[in-house]
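Atom set for the values below is all heavy atoms of this structure, side chains included, hydrogens, waters and symmetry mates excluded.
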Amino acid sequence: MTPPEAGATGSNAEAALPLPAVSVCLEVIAKRADFLRAAQARRQAMPGFLVQARRRGDDSPTIRVGFTCSKKVGNSVTRNRARRRLREVARAILPKGGKPGWDYVLVGRPDATVSRPYADLLNDLSQALSRIHAEKAR
RNA sequence: GCGGAUGGCCGGACGGCCGCGGGGGUGCAAACCCUCGAGGAAAGUCCGGACUCCAUGAAGCAAGGGUGCCGGGUAACGCCCGGCCGGGGAAACCCGAGGGAAAGCGCCACAGAGAAGAGACAGCCCCGUUUCGACGGGGUGAUGGUGAAACGGUGGGGCAAGAGCCCACCGCGGGACUGGCAACAGGACCGGCACGGCAAGCCCCACCCGGAGCAAUGCCGAAUAGGGGCCUCGCGCGGAAAGGUCCGGCCAGUGGUCGCAAGGCCGGUCGGAGACCUCCGCAGGGACGCUUCAGCCCAGAGGCCCGGGUUGGCAGCUAAAGCCCGUCGGCAACGGCGGGACGAGAGGAAUGGCCGUCCAGGGGGCAACCCCGGACAGAAUCCGGCUUACAGGCCAUCCGCGCAU
RNA sequence: CGGGCCGUAGCGCAGCCUGGUUAGCGCGUCCGUCUGGGGGGCGGGAGGUCGUGAGUUCGAAUCUCACCGGCCCGA
């Protein structure tokens, strides 16, 4: 595990990423194709949400993250709330727990993502990441 | 105080830590600082506009769609205000797609004699015949039953039996005149019952409406191509001769100029020609319903369809027919004038996460207190409306009842 | 942003335009019967807030309006 320090990645990479401290390693997935590829790769279900993960295989060391909250989650207010909680969770965990060069997609669940206590959500993501990477090690 | 009606407003507050989007500032940079950052419905997308592009413009007609008592407000509306009429309520007040059925067509099931220019099943009355059971002719439309609806209702007169046949009241139709801008209301008098309902069936009448939408549209860049197919209509006639052009005569001239050269090109004037150029006129044609007019174009003009590439950036992009206060006009909607405050602008899309204190609310408990817990809902070009969702709370006005004075 | 379609029995559909009859058809289901039993055949039956709420009409699945849910298309 190489915890990506802010300075390390920022200096040797393209240097075109002078983003705020937390976002140094995090980039948002925008393309539909990336979401589809992530869904085809590893997935780990947790009580609060579902995690999909994929090693991109390119040279970039950035960690990318995306969020999916379909209409099953609820109306637009609930969907927004679910997505924002997931983003907050990702911001807290992924810079330490994620691996460089990987894409992670967090999928919201109806009711659970919004109502589950925040501490449990943090725990869910940590466990999901360790399971995913353990599976990869085999 | 209780019950009810109407109009309006709020729809958590404060703080801490960590973050996000826009704008600004300092700095070489890293970074730091300042500031702003969802709603009354942001929703549904049901109407009306602004704005942009498309159609050459105007008028009329047709088609299609919409609106529908009257008057006013408005940029406009299917919205709002006031009034009228009808209905509901004890009242405050509420509800109503509320033009035309004597322009025409259509429909009115079942039941019933009969359902739309009336006719006659039972019945009643008169006359004739009679086998005394009834039958035939005529009169009548009150009574019966049916139905959502039956061609006036009630009472009296009248009659062979009856009937607006006659009379009174009510209803209905017409209506001088009066009030009102109007819808409409009142109504002397007349008629003597005729004129059923449905237009959210077709339709008629009046008024309104071109189409598409910010993924509009404009610009920059990249990439691909420098596309293909089909269809419609057309290239006509007459005139002029200033000019080009051509032909002829006369004059001038043996020159000037370009070229290595062959050789080419270059005047003035008069008359003529009219193919071509040009000019004028008339036809004819052309463009998303048709006609007319105007303009434009004419050797081309127009229409339809298919294919290839791109999914980057900038602008549009937020100040607006909006809100608040005062004042004047108006019953009001609203308008005039003066003053003031606020200030989202993203683009796979920010407006958040966690914690604490308080404030509403619910539950438990004698109590201190404990537990639960925050309605509906998230901007995407903007604005005016409508509709729908919404825990709970506040204010004002009005109506009825009870009590006190 | 704009446009269109659908909602009727457990399932798939008709009826709606042009209002009235008992809301009909197929599959499924239930009962009986033929068979030793199954399959299959035959006979009979049950099963419907016509998406919801208003309105027009004497009368609405049907006409009108509003709302709810689902599906599709175009830029």
Please assess A:Thr78 against A:Asn75 for the test side chain to side chain donor-acceptor pair (under 3.5 Å), listing each intermediate value before the final yes or no.
CA-CA 6 Å; A:Thr78 353; A:Asn75 62 18; 2.5 Å; yes
Name the nucleic acid region contacted by A:Arg84, choosing base, sugar-phosphate or nothing; use a 4.0 angstrom heavy-atom cut-off, strictly under.
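A:Arg84: base contact, heavy atoms under 4.0 Å.
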Using the C1' atom in both, what is the distance from B:U56 to B:G221, to the nearest Å?
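It comes out at 35 Å once rounded to the nearest Å.
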Write down the distance separating the C1' atoms in B:A240 and B:A261, rounded off to the nearest Å.
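The same atom, C1', in both gives a distance of 47 Å.
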Distance in Å, A:Leu106 CG paired with A:Leu125 CG, rounded so as to fall on 0.5 Å steps:
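It comes to 5.5 Å.
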Short side-chain N/O contact from [X] to OP1 or OP2 of [N], under 4.0 Å:
X	N	answer
A:Arg85	B:C354	yes
A:Arg83	B:A350	yes
A:Arg81	B:G353	yes

Watson-Crick or G-U wobble partner of [N], both distances under 3.5 Å:
N	answer
B:G78	none
B:G136	B:C127
C:G24	C:C13
C:G69	C:C6

Checking understanding here: a glycosidic angle within 90° of 0 is syn, the rest anti, so what is B:A38?
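Syn, which is what one calls it when the glycosidic angle falls within 90° of 0.
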If the glycosidic angle sits within 90 degrees of zero it is syn, else anti. Tell me which applies to C:G40.
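Anti conformation for C:G40.
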Whole angstroms only, please: what is the CG-P distance between A:Asn75 and B:A41?
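In whole Å, B:A41 P and A:Asn75 CG are 20 Å from each other.
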Which heavy-atom pair separates A:Ile63 from A:Lys99 by the least distance, and what is that distance?
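For A:Ile63 versus A:Lys99, the nearest heavy atoms are CG1-O, 3.4 Å.
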